[in-house]
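Some notes on the structure that comes next.
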Amino acid sequence: MAGTVKDMSLIKQVLQLKQIGESNRGISRKLPIDKETVNNYVNTLKANGWSIDDLLGKDDPELERMFHAGSPAYSDPRMTDFLAKLPYFREQLTNPKLHVTRQLLYEEYIKGYPTGYGKSQFYFHLKQNLVAQKDCTAVLTGTYNPGEKLMVDFAGDKLSYVDPETGEVIKVEVFVACMPYSDYTYAICVPSQRTEDFIFAIRMCLEHLGGVPPILTPDNLKSAVISNDRHEPKLNKALEDMGNHYHFVVLPCDPKEPTQKALVEDGVRNMYNRIYAKLRNHVFYSIIELNQAVWELVSLYNKTRMQKRPYSREERFHAMEKENLRPLPTDIYEMKYYATLQVQNNCFVELRHDKVTHFYSVPYIHVGKKAQVIFTRSSVNIYIDGIQVASHGRKHEYGHTYLKEHLASNCRAVMERSAAYYVSWAAHISPDCRDYVSEIFNPQRTCQPEEVYYKLCASIMSLSRKYELGVLNKTCRQCIEHRVFTYRKFEAILKRNSLQEASDEPTFCIDAPTPTNHENMRGSSYFQ
């Protein structure tokens, strides 16, 4: 529809494709967006001199405000060292001007890694790498480019483990991923196909690969695609956010077209033969234990020589694809959740998630406004009119998280109350007042919570503004001596002292003779 603001995740996908050199027309073909709209976004980008990397790092509200102002392997450690040196070996051997021999490379290698491979093993692995570099007609090299795409799917059948406490057999989903150029395969068991577990499985796969391919091709499951329209599929927001974090574009296959990810479908069938069948008589007692067994068999599967090819999937992957992957981001991805909440009169928004309610503060000038909240497991970011107005660490228990500067003065006065606060205030009045307030909160005197005495201290603060300092000090000393710690008695004694000070009367009580000693004073009704 004309004039409709595109989702910011779609704009980020446009930026990512533009970053890798895709033309505007090519972007419009790959994404559900008109070429003229792509032209407008690219022109806006150039006119403002914005950096694509900076834009990809921004949250959706900030990006919308900028574009639409005013609109809403190897397990052997030796192989790890060897693979790290592979690009150098390949460069040295393929440059005829250097005249480098395998013997020279081995001498340099063993000097840097004295506990590394022997000469024959070094030659063997080096040969395997060079063989895997050569194109083979059995691989669809014209269809798939090295390191370009990752295909993902869930297996139809499930694996299981036994809960050791209840004896219940718990079924789990098996996530399978494949790099189509090398057929390098990864698998992991997760509790379900829910979005959270799907996102976690992709994250673990990318960490296992050690890099990020620019394209992810999932099936049309609900964790990936909300609306599986052939021409304009609507992606799950969480998967779009993950793509923006890792810088990959999600291009799901067409509905009812598994041939578009045929290799991962083959990978699932191979998992049935190579993993399910071998584990059929094994009993596991945790999903961690089950995954360890799965990963061992998947690793063996990747290291096994393929039929009609002189190399394994693992060798092919490290030789041709690993170096073409984009680097992993430094920070681990956390799934984002979205909520639209109203700022309450107490300057807080109420966030409810996973059966936990917690309140987060917003500057009091935004009371009554609608706020867009984007939160992860560790952070809560609050936006109003596309501008971030607050950021907090996420809490997973009931309570309030706030910054003092967010609260109005009357709210701060209430929320900052404490024994230390009242003692500090009393110290500014007089030493006698400080001693009395300190004695009120003395833990050796009372086992009551300190909140019980907040109203008494607040009343003393109020009375200090109405009576002479000398009268207040006298009252504080008398109340300490006679152990008076209630408001009514403190006020009565303060009033009597004030009247006595005004009339210079020697009496201490209205209806009793003037006490002549401390014993008579303790008999007064004010100290009972």
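Owing to the predicted nature of the structure, the values given are computational and were not obtained by experimental measurement.
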What heavy-atom pair brings [X] and [Y] nearest, and what distance separates the two atoms?
X: Leu351; Y: Ala339; result: CD1-CB, 4.5 Å
X: Leu209; Y: Lys322; result: O-CE, 3.1 Å
X: Ser192; Y: Asp197; result: OG-OD2, 2.5 Å
X: Pro329; Y: Tyr246; result: CD-CD2, 3.4 Å
X: Ala187; Y: Val298; result: CB-CG2, 3.9 Å
X: Ser391; Y: Asn381; result: OG-OD1, 2.8 Å

Output the distance between atom [atom1] ([X]) and atom [atom2] ([Y]), rounded to the nearest 0.5 Å.
X: Ile20; Y: Ile215; atom1: CD1; atom2: CD1; answer: 6.5 Å
X: Ile199; Y: Glu334; atom1: CD1; atom2: CD; answer: 13.0 Å
X: Met151; Y: Cys178; atom1: CE; atom2: SG; answer: 7.0 Å
X: Asn24; Y: Thr37; atom1: CG; atom2: OG1; answer: 11.0 Å
X: Ile33; Y: Gln13; atom1: CD1; atom2: CD; answer: 9.5 Å
X: Asp385; Y: Gln372; atom1: CG; atom2: CD; answer: 11.0 Å

Review point. Between Tyr301 and Arg313, is there a cation-pi geometry (under 6.0 Å to ring centre, at most 45° from the normal)?
Key: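 The answer is yes, since Arg313 meets both limits relative to Tyr301.
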
Exercise for review: Tell me, please, whether Tyr338 has Lys237 positioned over its six-membered ring: NZ or CZ under 6.0 Å from the ring centre and within 45 degrees of its axis?
Suggested key: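 So Lys237 does make the cation-pi contact.
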
Is a side-chain N or O of [X] found less than 3.5 angstrom from the main chain of [Y], in a donor-acceptor match?
X: Asp54; Y: Trp50; result: no
X: Ser28; Y: Arg25; result: yes
X: Tyr109; Y: Tyr117; result: yes
X: Gln342; Y: Lys370; result: no
X: Ser299; Y: Trp295; result: no
X: Gln16; Y: Phe248; result: yes
X: Tyr161; Y: Ile288; result: no
X: Asn302; Y: Thr185; result: yes

Side chain proximity check, [X] to [Y], heavy atoms < 4.5 angstrom:
X: Cys347; Y: Val367; answer: yes
X: His245; Y: Lys336; answer: no
X: Ile382; Y: His366; answer: no
X: Leu15; Y: Leu45; answer: yes
X: His247; Y: Val212; answer: no
X: Leu325; Y: Leu206; answer: no
X: Cys189; Y: Val174; answer: yes
X: Lys85; Y: Tyr113; answer: yes

[X]-[Y] side chain donor-acceptor pair, cut-off 3.5 Å:
X: Tyr181; Y: Arg316; value: yes
X: Asp157; Y: Tyr276; value: no
X: Glu107; Y: Gln103; value: yes

More than 12 foreign heavy atoms under 6.0 Å from [atom1] of [X]: is that the case here?
X: Lys18; atom1: NZ; answer: yes
X: Arg305; atom1: CZ; answer: yes
X: Phe200; atom1: CZ; answer: no

**Study point:** Derivation and outcome, side-chain contact (heavy atoms from CB on, under 4.5 Å), residues Tyr311 and Met306
**Key:** CA-CA 6 Å; Tyr311 50 79; Met306 292 186 286; 3.6 Å; yes

Practice item. Report the residue from His396, Arg394, His358 that forms a side-chain contact (heavy atoms from CB on, under 4.5 Å) with His353. Key: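 One option only clears the test, and that one is Arg394.
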
Check your understanding: Under 6.0 Å between the ring centres of His392 and His406?
Key -> yes

Practice item. Taking the six-membered ring for Trp and the single ring otherwise, decide whether the centroids of Phe122 and Phe82 are under 6.0 Å apart. Key: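 Ring centroids of Phe122 and Phe82 are less than 6.0 Å from each other.
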
Review point. Aromatic rings Phe375 and Tyr337: how do their planes relate, parallel, tilted or perpendicular, breaks at 30° and 60°?
Key: parallel

Practice item. Name the orientation class of the two ring planes belonging to Tyr184 and Phe317 (parallel below 30°, tilted from 30 to 60°, perpendicular beyond 60°). Key: parallel

Exercise for review: Test Lys12 against Glu240 for side-chain contact (heavy atoms from CB on, under 4.5 Å), laying out the working first.
Suggested key: CA-CA 9 Å; Lys12 289 185 177 180; Glu240 287 184 336; over 6 Å; no

Check your understanding: Can you check side-chain contact (heavy atoms from CB on, under 4.5 Å) on Tyr106 and Leu126, steps first, answer last?
Key -> CA-CA 10 Å; Tyr106 173 72; Leu126 190 60; over 6 Å; no

Exercise for review: Could you walk me through whether Met204 and Tyr186 pass the side-chain contact (heavy atoms from CB on, under 4.5 Å) test, one step at a time?
Suggested key: CA-CA 9 Å; Met204 295 298 292; Tyr186 174 81; 3.6 Å; yes

